[in-house]
Each structure stands twice: as C-alpha cells, then as structure tokens.
Amino acid sequence: MFQEMGMSKDNIRGLVLALSSSFLIGTSFVVKKIGLRKAGASGVSAGSGGFSYLYEPLWWIGMVAMILGETANFAAYAFAPAILVTPLGAMSIIVSAVLAHFVLSEKLHIFGIVGCILCIVGSTNIVLHAPKEREITSVRELWHLATQPGFIVYSCLVVGLVLLLIFKYASKYGNKHLVIYVGICSLVGSLTVMSVKALGIALKLTFSGSNQFLYAQTWFFAVVLAVCVIIQLNFLNKALDIFNTAVVSPVYYVMFTILTILASMIMFKDWSSQDAMEIATEICGLLTILSGTYLLHKTKDMGDSKASQDASNERENGLTSPEVIQNLH
C-alpha cells in the first residue's frame with residue numbers, strides 16, 4: 001500500500017521504526033510511573049530525592065522500553081529523512097495519554113485533549129518547515145561547528161540555566177511547578193541530541209572505514225552524552241513521580257522539540273537558507289504550541305481544583321478516604 005503511494009522501501013522501514021519507537025517510548029512513561037508508585041509506597045519516592053525505584057522491576061521494564069524506543073528512533077533516521085521521522089515522535093504523547101487514562105486513571109479533561117492536539121500540530125508544523133541539516137563528513141567538522149561563538153554562548157546559557165534551576169529553584173518549586181523539572185530535562189536534552197548526532201556520525205564513518213574514535217573530540221561528545229542522559233533521567237523521574245503523565249509527556253515533547261530545533265539552527269546556521277514564508281510558518285507553529293501548553297496547564301489546574309473540592313466535601317462529611325488524599329498529591 002505504501003509503495004503504491006510512492007514511498008520507497010527504505011522510507012517504509014523508517015516509518016515502521018519511527019512508529020514502533022513512539023509506541024515504546026509512550027508506553028515506557030506509563031510503565032515507569034507504575035514502578036515509581038510502587039517504589040514510593042515501600043520507600044522514599046523519587047520526588048523526595050529517593051532512589052528506591054532502582055530496585056523496582058517495573059521501572060526497569062519501562063527503562064528498557066524507552067531505550068529500545070530511542071534505538072528504533074535512531075535507526076529510523078538511517079532509512080528515512082528527518083522530515084518523515086521527527087514529527088512521528090509526537091505519537092508517543094498520544095500513546096502515553098491514552099494508557100495513562102486507562103491504566104493509571106489519570107483523567108484528561110477535554111481541554112487537555114485539545115491542548116495535546118495543538119502541541120502536536122504546532123510541533124509538527126515547525127519540524128516540517130525546519131531547514132534541512134547540512135551534511136557532516138567528519139567529527140572534526142562537527143567539532144568546528146560546536147566551537148563557534150554562537151553555539152558556545154548557547155551552551156553556556158543552557159548550563160547556567162540548568163545549574164540555576166537545580167540548585168536554586170528545584171528544591172523550592174520543583175514539586176509545585178512542572179516547568180522546573182521538565183525545563184531541566186529539555187535544556188539538557190538539546191545538548192544530548194547534538195552529542196548523539198556527533199556519535200552517530202562517528203559510528204557511520206567508522207563503519208565506512210574511517211575510524212573516528214581515534215580523535216579526542218569523539219570521546220568528549222561521548223562523555224557529554226553520558227552526563228546529559230543521567231541528568232535527564234533523574235529529573236524526568238521526579239516529574240513523572242509528582243505530576244500527571246498526560247501533562248508531563250506533551251510538555252516535555254514541546255519544550256524538547258523547540259530547544260533542539262533552536263540548538264540545531266544555532267550550531268548549523270540553518271536560518272540563512274530560509275525565506276520569509278518559512279520563518280512565518282515556524283512562528284505560527286510556535287504560537288500553536290504555546291496555546292496547547294497553556295491548555296494543558298489549565299487542565300492540570302482543573303484536575304487539582306476538582307480533587308481539592310472532593311477532599312473538602314469528604315472532610316465535611318467526615319468521610320475522607322485514602323484515595324482522595326492520594327489524589328491531592
């Protein structure tokens with residue numbers, strides 16, 4: 001059927017891998033949260049700084065699902081163009097939201113559904129109209145781009161903001177405002193993608209006969225990748241343990257997509273090849289994303305208000321239940 005639509009075999013393989021990736025990643029959010037809940041019930045929760053989830057098998061199942069999903073997503077780029085693969089990452093939001101609704105009983109208000117749709121449409125719009133990436137032929141060429149003044153300034157700003165959020169705001173506001181933990185993950189994630197691309201190029205060139213692991217730059221990118229992944233996992237676990245999965249997933253996707261595109265544009269100077277229409281289209285996509293994010297936050301407020309009202313009514317009747325108390329948290 002896809003071949004009748006004019007799609008090549010490689011594009012079909014890339015499409016299947018990208019869809020599989022979205023399903024695995026979306027499922028991993030829910031499975032990991034189930035593990036986090038079980039770990040929190042028997043020990044110190046991740047939101048309180050505990051690491052008891054490391055002893056919970058379900059959390060590791062979710063972790064394996066996420067790794068497989070990311071691996072499939074990486075492989076998809078080897079077969080299909082980014083314009084086909086990247087927008088399909090939004091499907092993980094739908095998967096996690098639907099599973100959270102039925103498995104975790106995390107109800108999503110109708111406005112939250114609209115917010116998810118707006119986030120997906122806006123993010124897809126930006127990605128579809130983003131400029132093409134330049135072809136990189138060596139790790140040293142990528143290192144040259146990474147050490148240009150523009151990207152150095154961006155990297156310093158990211159590191160500074162992350163340190164500020166972690167050491168000044170996370171302990172005070174992390175449990176109240178979703179943007180703190182998700183912001184840390186997204187900021188660090190933009191640097192993660194740049195490192196992943198560097199290692200991907202190194203592997204591709206190495207398999208082609210030019211060993212890139214002889215250069216110190218390759219190992220530098222590997223260290224940056226390892227540090228960034230550890231930070232992302234830590235604060236993503238905190239966000240999932242505290243906030244509604246159906247809200248964490250799309251907000252993380254939106255912020256991560258915007259920052260990754262921004263990092264790519266700064267590093268590869270892609271904006272120089274765009275015309276006014278493409279830039280206007282991307283601005284419209286950004287406004288759509290912001291609208292969807294606003295609706296998602298309003299949905300969370302509605303859920304919190306309803307839970308608080310239910311608890312208040314129960315207390316007045318002297319029938320406060322553990323389920324209502326749990327909903328408040």
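Keep in mind that the numbers below use all heavy atoms, side chains included, and drop hydrogens, waters and symmetry copies.
Counting only residues at least two apart or in different chains, ring pair (Phe, Tyr, Trp, His ring centres under 6.0 Å) contacts with residues 188-216 comprise Phe213-Trp219. Applying the salt bridge (Lys or Arg N to Asp or Glu O under 4.0 Å) test to pairs two or more places apart or on separate chains, none has a residue in residues 108-118. Applying the side-chain hydrogen bond (donor to acceptor under 3.5 Å, both in side chains) test to residues at least two apart or on different chains, the pairs with a partner in residues 149-172 are Tyr154-Ser190.
In this structure, the side-chain contact (heavy atoms from CB on, under 4.5 Å) partners of His177, at least two apart in sequence or on a different chain, are Tyr173, Val179, Ile180. Annotation: salt bridge (Lys or Arg N to Asp or Glu O under 4.0 Å) contacts of Lys33 (sequence neighbours excluded): Glu106. For Gln212, the side-chain hydrogen bond (donor to acceptor under 3.5 Å, both in side chains) partners at least two apart in sequence or on another chain are Ser210. Here Val229 pairs with Thr192, Leu225, Leu233 under the side-chain contact (heavy atoms from CB on, under 4.5 Å) rule; sequence neighbours left out. With sequence neighbours excluded, the residues satisfying side-chain hydrogen bond (donor to acceptor under 3.5 Å, both in side chains) with Gln148 are His144. The side-chain contact (heavy atoms from CB on, under 4.5 Å) search around Leu157 returns Val153, not counting sequence neighbours. Every residue meeting the side-chain contact (heavy atoms from CB on, under 4.5 Å) condition with Trp143, not counting sequence neighbours, appears here in chain and number order: Thr147, Gln217, Phe220, Phe221.
With rounding to the nearest 0.5 angstrom, the CD1 atom of Ile166 is 11.0 Å from the CG atom of Leu161. One distance of note links CG of Asn237 with OH of Tyr181; it measures 11.5 Å at 0.5 Å rounding. Met66 contributes atom CE, which lies 11.5 Å from atom OG1 of Thr71 (distance to the nearest 0.5 angstrom). Within the model, atoms CD1 of Ile61 and CG of Leu58 stand 5.0 Å from one another, a figure rounded to the nearest 0.5 Å. With rounding to the nearest 0.5 angstrom, the CD1 atom of Ile184 is 5.0 Å from the CG atom of Leu165. Residue Thr288 holds its OG1 atom at 12.5 Å from CD1 of Ile120, rounded to the nearest 0.5 Å.
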Stepwise side chain to side chain contact (heavy atoms under 4.5 Å, CB included) check, Phe256 with Val182
CA-CA 9 Å; Phe256 172 78; Val182 175; over 6 Å; no

Go through the steps for Ile242 and Lys176 under the test side chain to side chain contact (heavy atoms under 4.5 Å, CB included), then give the verdict.
CA-CA 9 Å; Ile242 296 170; Lys176 300 178 181 178; over 6 Å; no

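Nearest approach of Cys228 to Leu191, heavy atoms of both residues: SG-CB, 4.2 Å. The heavy-atom pair separating Phe151 from Leu145 by the smallest distance is CB-O, 4.1 Å. Here the shortest heavy-atom pairing between Thr218 and Ala202 reads CG2-CB, 3.8 Å. Pairing each heavy atom of Cys185 with each of Leu236, the nearest pair is SG-N, 3.3 Å. Here the closest non-hydrogen pair linking Lys32 and Met63 is CG-N, 3.9 Å. Annotation for Val139 and Leu205: closest pair N-CD1, 4.3 Å, computed over non-hydrogen atoms.
Linking ILVMFWY side-chain heavy atoms closer than 4.5 Å, directly or via other members, places Leu259 and Ile152 in two distinct hydrophobic clusters. Follow the hydrophobic side-chain contacts under 4.5 Å out from Ile110 and you reach Val121 in the same cluster. In the hydrophobic cluster analysis, where Ile, Leu, Val, Met, Phe, Trp and Tyr join through side-chain heavy atoms closer than 4.5 angstrom, Ile231 is grouped together with Phe167. Following chains of ILVMFWY side-chain contacts shorter than 4.5 Å, one cannot reach Ile67 starting from Val64, and the two form parts of different hydrophobic clusters.
Looking at heavy atoms from C-beta onward, Leu54 lies in side-chain contact with Trp60 at the 4.5 angstrom threshold. Here the side chains of Leu142 and Met267 are in contact, with some heavy-atom distance below 4.5 Å. For the pair Thr206 and Leu203, the minimum side-chain heavy-atom distance is 4.5 Å or more.
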List the atom pairs, with distances to 0.1 Å, where a side-chain N or O of residues 19-28 and a protein N or O form a donor-acceptor pair under 3.5 Å, not counting sequence neighbours.
from: Ser20; atom 1: OG; to: Val16; atom 2: O; distance (Å): 2.8
from: Ser21; atom 1: OG; to: Gly69; atom 2: O; distance (Å): 2.7
from: Ser22; atom 1: OG; to: Ala18; atom 2: O; distance (Å): 3.2
from: Ser22; atom 1: OG; to: Leu88; atom 2: O; distance (Å): 2.6
from: Thr27; atom 1: OG1; to: Phe23; atom 2: O; distance (Å): 2.7
from: Ser28; atom 1: OG; to: Ile25; atom 2: O; distance (Å): 2.6

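Side-chain heavy-atom separations under 4.5 angstrom define the hydrophobic clusters, and Ile230 shares its cluster with no other residue.
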